[in-house]
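Here's the structure, in structure tokens; my notes come after.
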Amino acid sequence: MTGARFVDVEVRRPDLRTAFPRRFAARLKGQTVERLDRRAKYLLAVLSSGDTLLMHLGMSGSFRVGDPSPPGRHDHVVFHMSSGAIVTFNDPRRFGVMDLLTPRQLAAHPTLSRLGPEPLSAAFNASVLARACRGKKTSLKAALLDQRVVAGLGNIYVSEALHVARLSPQRQASTIATASGAPRPGAVRLAAAIKQVLQEAVARASKARYRGGRFRVYDRAGERCRHTNCAGVIAQRTQTGRTTYYCPVCQK
DNA sequence: ATTGAGACCTGTCGGC
DNA sequence: TGCCGACAGGTCTCAA
């Protein structure tokens, strides 16, 4: 898509999680994609008009490249690019998002403008994490799922990171910081663990043969804890509506 | 202001 | 084999 123009845009279902803006297709047509970017779990295509195409996969969204004809039941948007590429957005549950923002709307976006730091950037470290958790009465699990604390962690990698850091998901978030917001050892381990599990995930996903589904604790209830010298068994429980997996023995 | 519960929607899977 | 409830990787809104 990068460097290519939108020749045609088919909107087959304009009702994803949010309604499409008026004249969505018309505003896209003729625009060139200057660059593709990402912020947290949002995909952004910066256009020659200055507008930004904002996309989110929700729980079940995906893009594929290739002629979709005949289009599938959940093929909601089809981009026909001047490069010849045909890019189709498919999303059975329709929790995804497709929006077109002016520079002003982008800068003032209610969600984007409040996102926390990118976890793999230098802007995210133990000090930043500790400060964000200072005074939080909620659990570490809920704090890490809060996109304002750190951007882009989802249910799987929160469990994964807490296991690597050996921190209990039920532990109160404020306990990784001192009263003044300085990092305690747990914050140092957790910030490093978050970077580690995400780097590993990106590396694995980049390999064509990757099948997915192999995690340290996620979806492994009843299996042995993989930390060396830990005799624990992975447990699962529900926290704020989401399933958490953890080792009750080594995660404190 | 912070927090947790419920809602949004469809597909899949396990149990009967 | 078929039906039915429970659950799924994410936000958003609302009310306590």
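All chains are named by letter (A, B, ...) in the order of the sequence lines, taking the proteins before the strands, and each is independently numbered beginning at 1.
The environment of Lys137(A) atom NZ is sparse: at most 12 non-hydrogen atoms of other residues, nucleotides or ligands sit within 6.0 angstrom. With a 6.0 Å radius and a threshold of 12 heavy atoms from other residues, nucleotides or ligands, Arg64(A) has its CZ atom above the threshold.
The side chain of Thr240(A) lies closest to dG4(B) when the candidates are dG11(B), dG4(B), dT11(C). Set against dA8(C), dT3(B), dT11(C), the side chain of Lys136(A) has dT3(B) as its closest nucleotide. Looking at the side chain of Asn155(A), the nearest of the listed nucleotides dT11(C), dG10(C), dA8(C) is dG10(C).
Going from atom CG of Leu57(A) over to atom P of dG10(C) covers 11 Å, rounded to whole Å. For the pair Met55(A) CE and dT11(C) C1', the interatomic distance rounds to 18 Å; values are reported in whole Å. Between the CZ atom of Arg17(A) and the C1' atom of dT10(B) there is a distance of 16 Å, rounded to whole Å. In this entry the distance linking CD of Gln239(A) with C1' of dA5(B) reads 15 Å, nearest Å. When the C1' atom of dG11(B) is taken as reference, atom CZ of Arg73(A) falls 9 Å away, rounded to whole Å. The separation between Arg237(A) atom CZ and dG4(B) atom P is 13 Å, rounded to whole Å. Atoms CG (Leu144(A)) and C1' (dG10(C)) sit 16 Å apart, rounded to a whole Å. Atom CG in Leu16(A) sits roughly 14 Å away from atom C1' in dG10(C) (whole-Å rounding).
For the residue pair Ser48(A) and Glu34(A), no side-chain donor N or O sits within less than 3.5 Å of a side-chain acceptor on the partner.
Ring geometry for Phe6(A) against Phe79(A) counts as perpendicular: the plane angle is over 60°, on a 0 to 90° scale with 30° as the lower cut.
Between dT11(C) and His56(A), a contact under 4.0 Å exists linking OP1 or OP2 to a side-chain N or O. For dC12(C), one of the phosphate oxygens OP1 or OP2 lies less than 4.0 angstrom from a side-chain nitrogen or oxygen of Thr111(A). Listed pair His74(A) / dC9(B) fails the phosphate criterion, with no side-chain N or O lying under 4.0 Å from OP1 or OP2. For the OP1/OP2 pair of dG9(C) and a distance below 4.0 Å, the side-chain nitrogens and oxygens of Tyr218(A) include at least one atom meeting the criterion. In this structure, Lys41(A) reaches the dG10(C) phosphate: one of its side-chain N or O atoms is under 4.0 Å from OP1 or OP2. Look at Arg242(A) and you won't find any side-chain N or O under 4.0 angstrom from OP1 or OP2 of dG4(B).
Under the Watson-Crick or G-U wobble criterion, with both distances below 3.5 Å, dC9(B) is left unpaired in every strand shown. Base pairing annotation: dG9(C) forms no Watson-Crick or G-U wobble pair, as no partner gives both donor-acceptor distances under 3.5 Å.
In terms of polar N and O atoms assigned as donor or acceptor, the side chain of Arg94(A) never comes within less than 3.5 Å of the base of dC9(B) in a complementary pairing.
Note on Ser60(A): nothing from the nucleic acid sits closer than 4.0 angstrom, heavy atoms only. Thr243(A) comes within 4.0 angstrom of sugar-phosphate atoms only, judged by non-hydrogen atoms across all strands, and of no base.
Taking the P atom of each, dG11(B) and dC12(C) are spaced 23 Å apart, rounded to whole Å. dG14(B) sits 16 Å from dG9(C) when the P atoms are compared, rounded to a whole Å. With both ends at atom P, the span from dA5(B) to dC7(C) equals 15 Å, rounded to whole Å.
Of the two residues contacting DNA chain B, namely Phe95(A) and Arg148(A), the nearest-nucleotide position lying further toward the 5' end is that of Arg148(A). With DNA chain C read from its 5' end, the first of the two nearest nucleotides for Tyr42(A) and Ile156(A) is the one closest to Ile156(A).
For Lys136(A) (side chain) and Gln172(A) (main-chain N/O), no donor-acceptor pair under 3.5 Å exists by modelled atom type.
Between Asp15(A) and the options Arg12(A), Arg13(A), Arg17(A), a salt bridge (Lys or Arg N to Asp or Glu O under 4.0 Å) holds for only Arg13(A).
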Could you please spell out the steps behind the side-chain contact (heavy atoms from CB on, under 4.5 Å) verdict for Arg27(A) and Arg22(A)? CA-CA 9 Å; Arg27(A) 285 172 61 196; Arg22(A) 272 57 61 191; over 6 Å; no

